[in-house]
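First the structure, in the form of structure tokens, and then the observations on it.
The structure presented is a predicted model; accordingly, all values stated were derived computationally and were not measured.
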Amino acid sequence: PDMSDIGKTLRLKLVADSTVTTLVGSRIYPLTLPQGVTLPAIRYQRITGTSDPHLGGTTGLAVATIQFDCVGTTYAKAEQVRDAVRESLEAYRGTVSGVKITSVRATNHSDFFDAPVHANDVGFYQLMSDYEVYFTETAL
């Protein structure tokens, strides 16, 4: 797995967590939520990422910031999802699908409300959290 897969790796960690899946099932998507998706759901994306190069190539150590947006029709539901994600990821150390994760730390949280565009639309709450993830990627 390389850096582009660390989001997918964390998704695997979340879908293996019954507290998370009780709330969102497997509705955890990269970059965008599908049209008409049932809420609550989670969207994730890589914000930043760097590898640790040295003269002999890469050490395999990498760090990435992955943003998780927990989206719900009520603030309380979105907050439940954010809390479940944090419980699952914060301070996690271990191996997921062959990727050795050495540290996960929440670094930033923001709350948003997306107002309805049309009269019959429903607004939704989007609670964003950034996680700094240190992990070992395979040699390129």
Side-chain angles (χ1 to χ4, degrees):
D2 62 27
M3 176 159 327
S4 61
D5 291 332
I6 189 62
K8 289 182 196 167
T9 302
L10 294 180
R11 181 189 184 278
L12 288 174
K13 167 89 172 84
L14 292 175
V15 296
D17 187 311
S18 61
T19 307
V20 174
T21 56
T22 296
L23 295 166
V24 300
S26 60
R27 296 185 304 277
I28 305 174
Y29 304 97
L31 298 176
T32 61
L33 295 178
Q35 189 77 33
V37 67
T38 301
L39 298 179
I42 299 169
R43 172 178 54 209
Y44 66 89
Q45 63 181 328
R46 182 165 44 119
I47 305 296
T48 62
T50 57
S51 298
D52 179 26
H54 64 86
L55 291 176
T58 176
T59 61
L61 296 176
V63 60
T65 301
I66 306 295
Q67 176 181 303
F68 287 91
D69 300 341
C70 300
V71 182
T73 52
T74 66
Y75 185 85
K77 186 56 79 172
E79 193 175 36
Q80 264 189 307
V81 175
R82 176 174 64 188
D83 292 348
V85 168
R86 189 166 184 172
E87 281 291 314
S88 185
L89 297 181
E90 181 81 83
Y92 176 75
R93 295 173 68 101
T95 301
V96 178
S97 188
V99 179
K100 185 178 177 203
I101 296 171
T102 52
S103 168
V104 181
R105 186 172 67 94
T107 57
N108 189 40
H109 301 285
S110 310
D111 298 357
F112 296 93
F113 177 70
D114 287 312
V117 179
H118 303 289
N120 58 349
D121 283 354
V122 178
F124 58 87
Y125 296 83
Q126 181 175 311
L127 307 190
M128 295 165 43
S129 298
D130 292 348
Y131 289 87
E132 194 174 68
V133 185
Y134 288 83
F135 62 103
T136 302
E137 58 185 354
T138 52
L140 300 175

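Asp83 is linked by a side-chain contact (heavy atoms from CB on, under 4.5 Å) to Glu79, counting only residues two or more places apart in sequence or in another chain. Applying the side-chain contact (heavy atoms from CB on, under 4.5 Å) criterion to Ser103, with sequence neighbours excluded, gives Tyr134. The side-chain contact (heavy atoms from CB on, under 4.5 Å) check on Tyr92 picks up Lys13, Val96, Ile101, Val104, with sequence neighbours excluded. With sequence neighbours left out, the side-chain contact (heavy atoms from CB on, under 4.5 Å) criterion links Ala106 to Arg86, Glu90, His109, Tyr131.
Going from atom CD of Gln80 over to atom OG1 of Thr19 covers 10.5 Å, rounded to the nearest 0.5 Å. Note that CD of Glu87 is 9.0 Å distant from CG of Asp17, once rounded to the nearest 0.5 Å.
With Arg46 as the fixed residue, the side-chain contact (heavy atoms from CB on, under 4.5 Å) test singles out one of Val133, Ile66, Leu31: Ile66.
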Practice task
Check step by step if side-chain contact (heavy atoms from CB on, under 4.5 Å) holds for Leu10 and Leu14.
Solution key: CA-CA 6 Å; Leu10 294 180; Leu14 292 175; 5.5 Å; no
Practice task
Let me see the working for Val99 and Asp5 under side-chain contact (heavy atoms from CB on, under 4.5 Å), right down to the final yes or no.
Solution key: CA-CA 9 Å; Val99 179; Asp5 291 332; over 6 Å; no
Problem - Stepwise side-chain contact (heavy atoms from CB on, under 4.5 Å) test for Phe68 and Val81 - result: CA-CA 10 Å; Phe68 287 91; Val81 175; over 6 Å; no
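Residue pairs meeting the side-chain hydrogen bond (donor to acceptor under 3.5 Å, both in side chains) criterion with at least one member in residues 22-32: none, sequence neighbours excluded.
Between the side chains of Tyr75 and Asp111, at least one donor N or O lies within less than 3.5 Å of an accepting N or O. Residues Thr48 and Thr65 bring a donor and an acceptor atom of their side chains to less than 3.5 Å of each other.
Contact record, Ala78 with Gly72: CB-N, 3.8 Å, taken as the closest heavy-atom pair. Pairing each heavy atom of Ile47 with each of Asp130, the nearest pair is CG1-OD1, 4.5 Å.
Cluster membership check: Val85 shares its hydrophobic cluster with Leu23, using side-chain heavy-atom separations under 4.5 Å among Ile, Leu, Val, Met, Phe, Trp and Tyr. Phe112 and Tyr125 fall into different hydrophobic clusters, where Ile, Leu, Val, Met, Phe, Trp and Tyr residues are linked whenever their side-chain heavy atoms come under 4.5 Å apart, directly or through other members. Leu127 and Ile28 are not part of a single hydrophobic cluster, where members link through side-chain heavy atoms under 4.5 Å apart.
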With a 3.5 Å cut-off and sequence neighbours excluded, list the donor-acceptor pairs that the side chains of residues 34-45 form with protein atoms.
residue, atom, partner, partner atom, Å
Arg43, NE, Asp69, OD2, 3.0
Arg43, NH2, Asp69, OD2, 3.1
Arg43, NH2, Gln126, OE1, 3.0

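Not one N or O on the side chain of Ser88 forms a donor-acceptor pair closer than 3.5 Å with the backbone of Ala84. Between the side chain of Thr74 and the backbone N or O of Lys77 there is at least one donor-acceptor pair closer than 3.5 Å.
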